[in-house]
Amino acid sequence: MHFSHISIGGGITGLETIISAFINIQKKLKKSKKIIFAIIDKNPENIPGGVAYGFKISQFGYFNNPIRLSPTQFTKWLIKKENKKKIINYLKMHGGDIGKDWIKKNIDILYSSKIKQINELYIPRTIANFWMEQRLLWLISKMKKISKKNSIIFDLKFLKGEVLAIKNLKDSHHKIVFKNDYCEMLQYKIIKNSFKKIVFEKNKKISEPIFSKTQNIGIGLPPPKQLATTKAQKNSYYIWDFYSQGSTSDLINKILKINKIKKKIRIYFIGYKAGLLESLPELKKIILKKKIKIEIICSSRDLVSIQKAKLSLNKKSYKLQVFKKNNLFNIRTAKKLYLSIIKEFELSYSLGYKKYDAWTQILDNKILDKCIKNFNSREKKKYYDFFYNKVRNTTRFTYPETIIAREKLLKMKILKTKKEIVKKVDSIKGRLIVKAKSKSKINKYICDLVVNVSGPLNVETLKNEIPLINDLRKNGAKILSGGFVVNNYFKISGVKNIYTPGILARGFNPERKTIIKAILENSQKAGESIAKTLINM
């Protein structure tokens, strides 16, 4: 079975790359041709949201930044009355207790005519799934209309399977290799008056090989380092890949199950940042409502966490001091850019503002982009290879309710923090054992539930966690600074016609835009290049 292009992963990267390729082919292709696209995902429920924005998986998750930092096309969609209604209806049915609180606090703002107020709202991540689903339905409809009227035939297929490898063939095609050689062709139906309008159903196993000319890889956030023994990995109360396993919803279901048979529960979170924080608002509500006796331990090397993404109460917006327009040309090194951000934060604080006030102005004025353009190739390399991570760690802000919940649980002594490094997770007689090193001491914890949210591995450190990444590395894909080396269109260097516009790419978001915004823009570029390749083949 031959395809023109395959997107491996059904999230935003996979869909937006195909949309971009389709639009560009439609504009530029003048002769008769058949273009068949495919989206492959091991969990079709994630199409089109992926792990980050999936309808079920991202339940209780909120965007880290307010609406004003979202992509323009997404915000335009959001402010329509029917889509505001979707937010409320979703939260009533699926948002849990924090969703009900959100409605009480924000419904008047959501329906306000004042755009400035609406722009400061933090919305559930799943709302992006509704938007992407609408774009998917538009794409399917548009392809059918064009195929009826023109000599160019477009089609989009959906497949279920886990891709292990992409084998390069001599005739410019690639063979897609699946786990257990198993792949299904999926049928879908469109349901009106439903949150999830497109529903995928099993059809039949594909017995013939799958080939394609170009591929895009968007398989979501890589998992953290596997710290558990084989025995512990089989324990259902060890959560290794928090987001893909169901995130907060899965965690709470496990806690409620344990609570039926135990008077007191102990949970150990390996990590102190995004994964821990996301779960805390709803988890706090459940603990207090059901009066669960619980001890939550979380640990990291330095206990440095993400900051609250909330503006100060000053009436006037913060005015940049270090990053004044006349000063930007003088910031010509990666180190100076990083130090300038630190200085700007210090000045904002001294003037009665928060760091987030300064960061908001840096983003709104596209300061990072303007400064990076002044760098020579050597300084750009320094930025991508070293200073980008320092900038990222200094400028990580998140949904304020997660920080509020963390502080509340700390105050109640339900949540306890440990500055230590987890070395091993084992399972003995059904109980999970965490061994962690604190200075020169080894601490041992007997736990009912262990959650590994220590942060995603990069391309360089991934071993057996994602076989497809290993295969690309073995077949010559170039890696630098923890990511695949890509060109301006996010084509991976060292392999033929394989793209990755998301977080697997080195320097995929140097300007520190919101993730969804960066991925959308990168996917559009990848789609342009894929279209050109397909037209010329």
Side-chain angles (χ1 to χ4, degrees), residues 59-62 64 96-99 101-102 122 224 227-228 237-243 245-260 262-310 393 396-423 425 431-439 441 443-455:
Q59 189 182 7
F60 307 126
Y62 284 73
N64 288 338
D97 289 319
I98 56 170
D101 283 354
W102 191 98
Y122 294 79
L227 298 167
Y237 292 101
Y238 169 67
I239 300 174
W240 168 48
D241 197 350
F242 178 72
Y243 293 103
Q245 286 179 238
S247 59
T248 304
S249 179
D250 177 60
L251 173 65
I252 288 172
N253 287 337
K254 283 179 165 59
I255 290 170
L256 293 177
K257 195 173 179 181
I258 297 169
N259 191 48
K260 287 179 181 179
K262 291 203 71 177
K263 290 182 179 179
K264 189 172 181 181
I265 302 168
R266 175 186 270 181
I267 304 174
Y268 195 107
F269 276 87
I270 307 168
Y272 190 56
K273 292 183 179 176
L276 168 73
L277 290 172
E278 175 168 317
S279 66
L280 294 184
E282 186 68 15
L283 185 53
K284 183 196 74 173
K285 292 279 185 182
I286 295 291
I287 290 168
L288 297 178
K289 184 199 282 188
K290 297 191 175 287
K291 298 178 180 178
I292 298 172
K293 291 183 179 179
I294 192 167
E295 178 187 27
I296 303 170
I297 302 167
C298 61
S299 70
S300 77
R301 186 187 300 272
D302 51 20
L303 291 180
V304 174
S305 190
I306 307 171
Q307 303 165 72
K308 194 187 295 184
K310 191 170 184 179
N393 291 334
R396 290 190 72 182
F397 297 88
T398 193
Y399 179 44
E401 292 298 324
T402 63
I403 306 296
I404 292 167
R406 183 190 68 190
E407 299 310 312
K408 176 76 173 175
L409 290 169
L410 283 168
K411 192 174 181 181
M412 294 172 69
K413 296 183 179 179
I414 290 172
L415 180 65
K416 297 171 184 177
T417 59
K418 304 282 184 180
K419 193 181 284 189
E420 57 190 16
I421 302 168
V422 173
K423 295 293 185 181
V425 180
R431 301 296 300 279
L432 289 161
I433 313 297
V434 176
K435 291 182 180 179
K437 186 177 180 182
S438 174
K439 292 183 179 179
K441 183 183 175 185
N443 300 313
K444 183 178 174 181
Y445 304 89
I446 300 173
C447 307
D448 301 292
L449 186 59
V450 176
V451 189
N452 189 347
V453 286
S454 56

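To the nearest 0.5 Å, atoms NZ (K419) and CZ (R301) are separated by 11.5 Å. The OH atom of Y237 sits 10.5 Å away from atom CG of L432, with the distance rounded to the nearest 0.5 Å. Distance CD1/I296 to NZ/K416: 10.5 Å, rounded to 0.5 Å. Within the model, atoms CG of L303 and OG1 of T417 stand 5.0 Å from one another, a figure rounded to the nearest 0.5 Å. Between the CD1 atom in I404 and the NZ atom in K310 there is a gap of 5.5 Å [rounded to 0.5 Å]. To the nearest 0.5 Å, atom OG1 of residue T402 and atom CG of residue L280 are 7.5 Å apart.
Residues N452 and V422 fail the side-chain proximity criterion, which asks for heavy atoms closer than 4.5 Å. In this structure the side chain of S249 reaches within 4.5 angstrom of the side chain of F60, judged on heavy atoms. Looking at heavy atoms from C-beta onward, T248 lies out of side-chain contact with L283 at the 4.5 angstrom threshold. Put simply, the side chain of K273 does not reach to within 4.5 Å of the side chain of V453, judged on heavy atoms.
Within 6.0 Å of NZ on K435 lie no more than 12 heavy atoms contributed by other residues, nucleotides or ligands. Annotation: K262, atom NZ; neighbour count of heavy atoms from other residues, nucleotides and ligands within 6.0 Å is above 12.
Counting all heavy atoms, side chain and backbone alike, R406 lies closest to L277 at CD-CD2, 3.9 Å. Shown here for I239 and L449, the closest heavy-atom pair between the two residues is CD1-CD1, 4.3 Å. Nearest heavy atom pair, residue F397 against residue A309, reads CB-CB, 3.6 Å. The nearest pair of heavy atoms linking L415 to C298 is CD1-SG, 3.8 Å. Summarising the geometry of D241 relative to Q245, their closest heavy-atom pair is N-OE1, 2.8 Å, with the distance given to 0.1 Å. Scanning both residues, S299 and Y268, for their nearest heavy atoms gives OG-OH, 2.8 Å.
Scanning for ring-ring contact (aromatic ring centres under 6.0 Å, His included) contacts around Y399 gives Y62, Y122, with sequence neighbours left out. Taking the salt bridge (charged side-chain N to carboxylate O under 4.0 Å, His left out) definition, one finds that R431 meets it with D448, sequence neighbours left out.
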| request: Could you walk me through whether I270 and V425 pass side-chain contact (heavy atoms from CB on, under 4.5 Å), step by step? | output: CA-CA 10 Å; I270 307 168; V425 180; 3.9 Å; yes
| request: Apply side-chain contact (heavy atoms from CB on, under 4.5 Å) to I267 and I255, showing your working. | output: CA-CA 9 Å; I267 304 174; I255 290 170; 3.4 Å; yes
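For S305 (side chain) and Y272 (main-chain N/O), a donor-acceptor pair under 3.5 Å exists by modelled atom type. With hydrogens and angles ignored, the 3.5 Å screen pairs no side-chain donor or acceptor of N443 with any backbone N or O of Y445.
Counting only residues at least two apart or in different chains, side chain to side chain donor-acceptor pair (under 3.5 Å) contacts with residues 277-288 comprise D101-K285, R125-E278.
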